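Scope of the values below: all heavy atoms of this structure, side chains included, with no hydrogens, waters or symmetry mates. No experiment lies behind these values; they were computed from the predicted model shown.
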Amino acid sequence: MTDVVAARALTAISLAFHIIFSSIGVALPLLMVIAEGQWLRTKNQAYYELARKWAKAAAILFAIGAVSGTALSFEFGLLWPGFMKVAGGVIGLPFGLEGFAFFIEAIFIGIYLYGWDKLSPRAHWLAGLPIAIAGPISGGFIVMVNAWMNSPAGFNYDPQSGVVTNVDPIAAMFNRAWGVEVIHMTIAAYLATAVATAAVYAWGMLQGRRDDYHRKALAICLTLIVITAPAQFISGDANARFLAENQNTKFAAMEGQFQTQANAPLRIGGIPDPSTGKVNFDIEIPGLLSWLGFGDTTAVVKGLNDVPVALRPATEIIHPAFQIMVGSGTLLLLVALASVIYAGRKRRAPNNKWLLRAILISGPFGFLAIEAGWVVTELGRQPFIIYNTMRTADAVTTAPGLVVYLATFVALYLLLAAMVIWFLRQMAGEQSAQKEGSSLATT
Amino acid sequence: MPPLNYLAAGVIVISLIIYAVLGGADFGGGVWDALANGPRAKQQRRAVAEAMGPVWEANHVWLIIVIVLLFVCFAPAFAALFTALNVPLSIALVGIMLRGSAFVFRAHGRQATGEVSIWGIVFSAASIITPVLLGSCFGAIVSGNIRVDPKSGAVNDYLAWLAPYPLLLGLLALAICAFLAAIYLTLETKGELQEDFRKRAIGAWLASVILATIALPFSASAAPRIWAGLTSGFGLALVPAAVIIGAVAVIAVWQRRYQVARIAGIAQVALIIGGWALAQSPYLLYPDITIDNSASANAIIGAILIALAIGAVVLLPSMWLLYSLFKGHNPAASGEL
């Protein structure tokens, strides 16, 4: 394994791991604050228990998010010093701002988790608000950095001398891609967390625990899903139009578009074969891709064949990953629609067996969509680490032995993942034990 | 006003000092977790866990701030340091990750697994290894053995940290972390438990004095730039000042005046790190990388310094709230354990 492959693999694994915890860090505080706020308003004990339960999960999930985020900040230097030498002094501002947002999160998570008995109920609820606000802001800043990698702005770079000039940190931060990327990722974080959480309570109800506690939890999560799932579809459409216009190589790789053509078809499913330049086993809808990208069925869509072979991203991975993302999003949209119809007719949270099963099955698909989406955007940028500016291979460290790091960190992430799953299962078990003992645990 | 890049370097040094006195003490807590013994071993561990619980994540953010400021304001220095010190920083990273996760696994797994758990061992081992390695990175930086090609940024030596002097500084860092933690814990405990941490503070102080006494003359050959700084100009006052403040700290512990001890302990760390920074200035990585030749554009340094100033308006009251809530009244201090 070459160093650049090892470094890319390690970065990919670290991001794939961190993105789950950071997404939960964006969305879970909102769920906590809603539950605790409802408790303050209604004095219904089920809401209080929900807030306590979600806070308990947050304690572990936040810590794992913090340490895996630290890993990434180290890995920038440990793996990609060539990238940081340029990026640090150009797109560093959102990193610094993210540091602040993370500070606010860390301070108030300490106050929130350990302050149940030290603060009045209202003050405690208020202490949750900064976490719920700083979470999406901090995530947004990091996505701004990624947007800059895809759509670099605010500097001049001479690859020969490595000299960076004309730095404009504000222009770098507010690059062309920032808006579409930040909105898409932020909605994804809420949607994925809400769906995964809803699945836990749908499962509980299917096990026969159809109590107030489960129904309230499901109602909060479904409300969030019903808002975010359609919003994500609109945001996804905006992303597609942006990419068609601004990053047409990535757009072509996503859609398996080998030839530049007018009236380009949308390819649903299928596996692109770069050696033949064809997509196998797909369903094609003529003209739809041109329409989705440019609002006109006759518009010309650029193909991968216009790009030199060495600069083509791996469409054979990117197209299927894109299909997984869109497919997952569609599933979640259908669940959201079904929930709205049910709630509209019955005026309450779902109790129907089939709908609960559908929610349970959708549980992992929000996070699957996030992971697939990152495969699309990151692999779609290759072979560049800064689009059209710096090659990934030129940014990697000269330090030896990257394969050893890769093995060590894979083992570490597996261990942490196993522990987190074990803890969350343990917590779910506590709930059922509580119910059997029919006691309200308030400590 | 000093040039922006020197201002930024100053902010980085201040952040590093804050990380050392807050985050360093959390590592020190891990030392006392590992060394917990006697009839009150369980309470000692509980006191460490109670003291760290609400604040360790916020304390940890200072490290992120240091790293971010370094790569934003002095990107080539960051790139060179993280290349040359790849090995110790990677191991320290594993330590930081295991430390944090082990802490929460243990804290929240207590009902499930009982008091004794493998995560307690992981927590204390990681708390000990990490400051030693971070300290040894310090030693490698001041040694002058890491040379950087100014054009390519290539470094000559990946093992500069693995030498007697850097490792000695690593142990010194560990001893100071343990000293700070023990002082803080005396303020959060009572009775016999408090006496336990008083004895531990004195022990850690002795260890750090012995290590510092060896390290100081060793600097003449192993860290010439620091030695020159300490033996001329303001540096001549630095070592006596550190000795006096160190003496004040240990005498205060001896006399059970723990508030005074805490202030002196913090002042001592500030003096060591601040003194190092002044002695090494203008070098970030002696002798090839300086505050001038690695600074980013003024536009971004200025922007981030303004952001810091605005952010501080929100941050400082929040931090005050956190510490006044949990450090004014630790449950361990009032025998609620």
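Residue B:Ile96 touches chain A through both its backbone and its side chain, counting heavy-atom pairs closer than 4.5 Å. With a threshold of 4.5 angstrom between heavy atoms, A:Phe108 approaches chain B through side-chain atoms but not through N, CA, C or O. Contacts between A:Thr70 and chain B at a heavy-atom distance below 4.5 Å involve backbone atoms as well as side-chain atoms. No part of B:Ala77 comes within reach of chain A, as not one of its non-hydrogen atoms sits under 4.5 angstrom from that chain. Interface remark: B:Trp62 contributes backbone and side-chain atoms alike to the contact with chain A (heavy atom separation under 4.5 Å). With a threshold of 4.5 angstrom between heavy atoms, A:Phe155 does not approach chain B through any atom at all. Using a 4.5 Å cut-off between heavy atoms, B:Leu308 contacts chain A through both its backbone and its side chain. Neither the backbone nor the side chain of A:Ile170 comes within contact range of chain B, judged by heavy atoms closer than 4.5 Å. Of the two parts of B:Ile301, neither the backbone nor the side chain holds a non-hydrogen atom closer than 4.5 Å to a non-hydrogen atom of chain A. Contacts between A:Val90 and chain B at a heavy-atom distance below 4.5 Å involve the backbone alone (N, CA, C, O). Looking at A:Ile111, the atoms closer than 4.5 Å to chain B (heavy atoms on both sides) sit in the backbone and in the side chain alike.
A donor-acceptor pair under 3.5 Å is absent between the side-chain atoms of A:Lys85 and the main chain of B:Ala80, judged by distance alone. Formation of a donor-acceptor pair under 3.5 Å by the A:His18 side chain with backbone atoms of A:Gly69 is found in this model. B:Ser124 places a side-chain N or O within donor-acceptor distance of the main-chain N or O of B:Ile121, the cut-off being under 3.5 Å. A:His124 contributes no side-chain N or O that, together with a main-chain N or O of A:Gly115, makes up a donor-acceptor pair within less than 3.5 Å. B:Lys327 places a side-chain N or O within 3.5 Å of a backbone atom of B:Ala51 that can act as its donor or acceptor partner. Here the side chain of B:Asp288 pairs a donor or acceptor atom with the backbone of B:Val148 at under 3.5 angstrom.
You'll find the side chain of B:Leu134 reaches within 4.5 Å of the side chain of B:Leu89, heavy atoms only.
With chain B as partner, the option from A:Thr397, A:Val420, A:Leu415, A:Thr398 having the largest number of non-hydrogen pairs under 4.5 angstrom is A:Thr398. Between chain A and the options B:Leu322, B:Val68, B:Leu69, the largest number of non-hydrogen pairs under 4.5 Å is found for B:Leu322. Of the listed residues A:Phe74, A:Phe103, A:Phe83, the one with more heavy-atom pairs under 4.5 angstrom with chain B than any other is A:Phe103. The candidate from A:Gly82, A:Ala127, A:Ala71, A:Gly401 with the greatest count of non-hydrogen atom pairs under 4.5 Å with chain B is A:Ala71. Ranked by heavy-atom pairs under 4.5 Å with chain A, the first of B:Gly302, B:Ser90, B:Ser101 is B:Ser90. Of the residues considered (B:Asn86, B:Leu315, B:Val87), B:Asn86 shows the highest number of contacts with chain A, using heavy-atom pairs under 4.5 Å. Per-residue heavy-atom pair counts under 4.5 Å with chain B were compared for A:Pro400, A:Gly162, A:Ser161, A:Ala101, and the maximum is reached by A:Pro400. Options B:Ala312, B:Ser296, B:Ala79, B:Pro54 differ in how many heavy-atom pairs under 4.5 Å they form with chain A, and the most are formed by B:Pro54. Of the listed residues B:Ala303, B:Ala92, B:Gly100, the one with more heavy-atom pairs under 4.5 angstrom with chain A than any other is B:Ala303. The candidate from A:Ala172, A:Ala63, A:Gly99, A:Ala59 with the greatest count of non-hydrogen atom pairs under 4.5 Å with chain B is A:Ala63.
A pairwise comparison of heavy atoms in B:Ala307 and A:Leu93 identifies CB-CD1, 4.2 Å as the closest pair. When all heavy atoms of B:Ala126 and B:Leu98 are compared, the closest pair comes out as CB-CB, 4.2 Å.
Judged by a 6.0 Å distance limit and a 45° cone about the ring axis, B:Arg99 is positioned over the six-membered ring of B:Phe27.
Using a cutoff of 4.0 Å between basic side-chain nitrogens and carboxylate oxygens, B:Asp33 and B:Arg46 are not scored as salt-bridged.
A ring-centre distance under 6.0 Å is found for A:Phe21 and A:Phe17.
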